[in-house]
Amino acid sequence: MSARRLEPGRLVIASHNSGKVKEINDLVRPFGIEAVSAGDLGLPIPEEYKNSFMGNAAIKAQAAAMASGLPALADDSGMEVAALDGRPGVHTADWAETPTGRDFYMAMERVRRELEETGSPDRSARFVCCLCLAWPDGHQEAFMGKVEGALSFPPRGTMGFGFDPIFVPDGYDKTFAELDPATKHAISHRADAFGKLVAACLSD
């Protein structure tokens, strides 16, 4: 059964993360999609209670589609560290939460500290992304993407967001935060998932 096609027009990006919204907006613009963020529309942030990227992406996409009456695209992504048994995983953003907002440098230091406590020399990690595209009638399509790499400390670079300053993708010697945005967009976990979405829902 073929995936439902996303027609040109307005699309809600179900995120309040400005870096993530900009990244997705750059990807959908060539297809005649006018992206607007859930934050710009004043949509509430739903509780993410699933223990999988796909489950949480579906929660966000369906909530935004129902509240806006428009198709909505949600991203749930995170970093899985091999030596930490896949943590932080779906809790990636939670590791950065503080009473005054998210502090990813604090979160990156937690990763470094917990890695040292394991005594393992393994620094392999991956970023995982699930994109869920939902319509107001309840239909949805989901696509998984990933990028493999290794962790490097201390954090380096200023062009990324989240855990980008400690993640070096396979085949490169720079972190995601040191790579120019065009290169990162071409190889990222989000680009991998988006390529599958394009093939299924946007390409002729």
Side-chain angles (χ1 to χ4, degrees), residues 14-24 45-60 74-132 142-195:
S15 175
H16 291 66
N17 180 319
S18 59
K20 190 177 292 186
V21 170
K22 181 181 184 304
E23 198 168 310
I24 295 174
I45 302 174
E47 179 186 357
E48 299 173 34
Y49 55 85
K50 298 289 188 179
N51 61 2
S52 69
F53 294 115
M54 193 168 291
N56 287 327
I59 288 171
K60 291 183 282 190
D75 159 296
D76 200 62
S77 54
M79 186 176 71
E80 297 179 336
V81 181
L84 299 182
D85 299 320
R87 292 181 297 122
V90 294
H91 303 292
T92 293
D94 297 338
W95 281 32
E97 291 292 353
T98 75
T100 56
R102 290 179 177 172
D103 181 347
F104 278 98
Y105 281 90
M106 175 194 74
M108 288 184 278
E109 173 58 22
R110 177 179 172 182
V111 171
R112 186 199 64 77
R113 186 175 66 251
E114 293 202 10
L115 274 172
E116 283 196 354
E117 289 172 357
T118 69
S120 171
D122 186 2
R123 293 295 180 266
S124 59
R126 64 161 61 119
F127 274 124
V128 178
C129 169
C130 177
L131 290 178
C132 183
F143 308 91
M144 295 293 294
K146 65 181 180 179
V147 58
E148 304 284 350
L151 301 183
S152 176
F153 299 94
R156 308 194 313 264
T158 59
M159 290 189 283
F161 61 93
F163 287 88
D164 285 357
I166 60 172
F167 183 80
V168 179
D170 284 351
Y172 292 80
D173 58 7
K174 293 181 177 180
T175 69
F176 260 179
E178 292 176 306
L179 291 173
D180 67 88
T183 300
K184 179 195 168 184
H185 288 176
I187 65 171
S188 76
H189 49 310
R190 197 161 291 116
D192 184 26
F194 192 77

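Residue indices begin at 1 and follow the sequence shown. Atoms considered below: every heavy atom in the structure, side chains included; atoms not considered: hydrogens, waters and symmetry mates.
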Gap separating the [atom1] atom of [X] from the [atom2] atom of [Y], nearest 0.5 angstrom:
X: Glu148; Y: His189; atom1: CD; atom2: NE2; answer: 12.0 Å
X: His91; Y: Glu97; atom1: NE2; atom2: CD; answer: 12.5 Å
X: Arg87; Y: Asp94; atom1: CZ; atom2: CG; answer: 13.0 Å
X: Leu115; Y: Leu84; atom1: CG; atom2: CG; answer: 4.5 Å

Can you name the closest pair of heavy atoms from [X] and [Y] and give their distance?
X: Gly78; Y: Thr92; value: CA-OG1, 3.3 Å
X: Cys132; Y: Ala58; value: SG-CA, 3.7 Å
X: Ala57; Y: Ala74; value: O-CB, 3.3 Å
X: Phe153; Y: Met108; value: CE2-O, 3.6 Å
X: Leu179; Y: Lys174; value: CD2-CB, 3.9 Å
X: Ala83; Y: Asp122; value: CB-O, 3.6 Å

Cationic N near anionic O, under 4.0 Å, Glu116 to Arg113: no
Salt-bridge criterion met for Lys146 and Glu80 (N-O under 4.0 Å): no
Identified ring-ring contact (aromatic ring centres under 6.0 Å, His included) counterpart of Phe167 within the set Phe176, Phe104, Phe161: Phe176
Side chains of [X] and [Y] in contact at under 4.5 Å (non-hydrogen atoms):
X: Phe127; Y: Ser188; answer: no
X: Asp76; Y: Lys50; answer: no
X: Asp75; Y: Cys129; answer: yes
X: Arg112; Y: Ile166; answer: no
X: Tyr172; Y: Glu178; answer: no
X: Met144; Y: Val128; answer: yes
X: Met79; Y: Arg126; answer: no

Check: [X] side chain, [Y] main-chain N or O, donor-acceptor pair, under 3.5 Å:
X: Lys184; Y: Ala177; value: no
X: Arg123; Y: Ser120; value: yes
X: Ser124; Y: Ala82; value: no

Val168 and Arg156: CA distance, side-chain angles, deciding distance, side-chain contact (heavy atoms from CB on, under 4.5 Å) verdict: CA-CA 10 Å; Val168 179; Arg156 308 194 313 264; 4.3 Å; yes
Asn51 atom CG, over 12 foreign heavy atoms within 6.0 Å: no
